[in-house]
There are 2 protein chains.
Amino acid sequence: MTSVHTGSRARTRQAILDAAIEVLARNPAASLGDVAEAADVGRTTLHRYFPERGELLTALRAEATARLDRAAVRARIDEGPGATALARLCQEYFDLGDVLSLLFLEQVTFEGEEGGCDEGFDAMVRRGHADGSIDPELPPVWVQNLLWSQLYAGWNYLAEHGASRHDTLRLVLRCVSGAVRPHP
Amino acid sequence: MTSVHTGSRARTRQAILDAAIEVLARNPAASLGDVAEAADVGRTTLHRYFPERGELLTALRAEATARLDRAAVRARIDEGPGATALARLCQEYFDLGDVLSLLFLEQVTFEGEEGGCDEGFDAMVRRGHADGSIDPELPPVWVQNLLWSQLYAGWNYLAEHGASRHDTLRLVLRCVSGAVRPHP
DNA sequence: CCATAGTGGAACACTGCTGTTCCGTTCTGG
DNA sequence: CCAGAACGGAACAGCAGTGTTCCACTATGG
């Protein structure tokens, strides 16, 4: 099935994943019918790709974390001062939009995904501790929580008030960097 | 238990509300059976007090916002510099625990509760703008979002990692005040 | 003591979602 | 053009949560 000819299966599968991210991000309790409809696909077809709901969610997490990893690469989190790298990552994550809130909401429901936090993220924060750009009293996991909740707040602000994407990003960046900056 | 004639109805009702806050905060999709069980009450009795699920949720929001208001009073948000008052409010909110995350999660699902933010909160932030303790570029609604998401992150940190209540509160306070502090 | 309010359990119908099967239609490559 | 893959719709059973009814069981105060 996979092999040389991508066929239309890959496209359909991707369409379903994209739609699922969008729909489930806005309403984690959405039905499979809603997802299928959003993907312009029959519910039967959806079941053909993901026989059970859990399999869809698993594939969804995989897709989301893949996008997250790509964002981390783009942000070059292993370069420059810790706080600067964090700001770049923040911006990249911000652009992920729905993916972010999906993971954020699922983190609540389906906890226990990871014990600590990303490899590179941890290193970035420690680098920030060393170069004095991130308060050493803030553990990496805490900074990660901080970043995520801040991004979610921004996404929420964007959705419920008529704020522009650009302004919201500015606010998020300002507050994140302000929060991690060492005390004077 | 309470006053002269209140009967046991008031007690039972309160027990249901308390249990509902606790259960629904941890799992917003919990069934009424779960709530009844947590309240040590038959499902029939629960339906006697709240005939439909929506009525329970409404009463729950009322209860939660009442506790929120009381916390705001205790924090004396109309006294002292804006940032200091914000810190006091942050601490009081932190102590609310489950109530907070319940409202936070419901804010997601049942949006459209309020157009802006609290009366007193708005005044507090503006006072902070004026006295230079809160960055004037941060709108009150944003600060409110910031505070809530930060508290939720703290609650999450507390639940998933073995952090102590005291340390977590310190981290939250540090990050909130750092985030709203004007740039140097 | 006994009438009554408060309660809990069992049973029921109803609803919405899920997972599955079957079949007819449409698209596509050889 | 034609065979096979991909798709969509309809129908079905199963399941869980909900809302309701009915009845039996405690308490408690008058």
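Order of the sequence lines fixes the chain letters, A, B, ..., with proteins taken first and strands second; residue numbering starts at 1 for each chain. The model shown is predicted, which means the values in this text are computed figures rather than measured ones.
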Counting only distance, no hydrogens or angles, is the base of C:dG6 paired donor-acceptor with the side chain of B:R11 under 3.5 Å?
no
Only pairs at least two apart or in different chains count here, so list each salt bridge (charged side-chain N to carboxylate O under 4.0 Å, His left out) that has a residue in residues 173-184 of chain B.
A:D135-B:R174, A:E137-B:R174
Shorter than 3.5 Å, N or O on both sides, protein versus nucleotides 16-18 of chain C: list them out with atom names.
{"from": "C:dT18", "atom 1": "OP1", "to": "A:R53", "atom 2": "NE", "distance (Å)": "2.8"}
{"from": "C:dT18", "atom 1": "OP2", "to": "A:L32", "atom 2": "N", "distance (Å)": "2.9"}

Below 3.5 Å, does any donor atom in the side chain of B:T44 face an acceptor in the base of C:dG9, or the other way round?
yes
Holding to side chain to side chain donor-acceptor pair (under 3.5 Å), I want the full list of residues that pass it with B:R53, two or more places apart in sequence or in another chain.
none
Whole angstrom value for the distance that separates P of D:dA16 from CG of B:N27
16 Å
A:F121: which residues meet the ring pair (Phe, Tyr, Trp, His ring centres under 6.0 Å) condition with it, sequence neighbours left out?
none
Restricting to ring pair (Phe, Tyr, Trp, His ring centres under 6.0 Å), what partner residues turn up for B:Y49, sequence neighbours left out?
none
For residues 14-22 of chain B, which residues have at least one heavy atom under 4.0 Å from DNA chain D?
none
Charged N to carboxylate O under 4.0 angstrom, B:R88 versus B:E92?
no
The helix from C:dC1-D:dG30 to C:dG30-D:dC1: angle between its terminal axes, five pairs each, to 10°?
10°
Does A:T44 have any side chain to side chain donor-acceptor pair (under 3.5 Å) partners at least two apart in sequence or in another chain, and if so, which?
none
Can I get a per-line list of side-chain donor-acceptor pairs under 3.5 Å for residues 28-36 of chain B, giving both atom names and the distance, sequence neighbours left out?
{"from": "B:S31", "atom 1": "OG", "to": "B:G33", "atom 2": "N", "distance (Å)": "3.4"}
{"from": "B:S31", "atom 1": "OG", "to": "B:D34", "atom 2": "N", "distance (Å)": "3.2"}
{"from": "B:S31", "atom 1": "OG", "to": "B:D34", "atom 2": "OD2", "distance (Å)": "3.3"}
{"from": "B:D34", "atom 1": "OD2", "to": "B:S31", "atom 2": "N", "distance (Å)": "3.2"}

Please name all residues satisfying side chain to side chain contact (heavy atoms under 4.5 Å, CB included) with B:A87, sequence neighbours left out, ordered by chain then number.
B:L173
List the residues meeting salt bridge (charged side-chain N to carboxylate O under 4.0 Å, His left out) with A:D78, not counting sequence neighbours, and say none if there are none.
none
Does the side chain of A:T12 get closer than 4.0 angstrom to OP1 or OP2 of D:dC7 through an N or O atom?
yes
Looking at residues at least two apart in the chain, or sitting in another chain, which of them share a side chain to side chain donor-acceptor pair (under 3.5 Å) with B:E52?
none
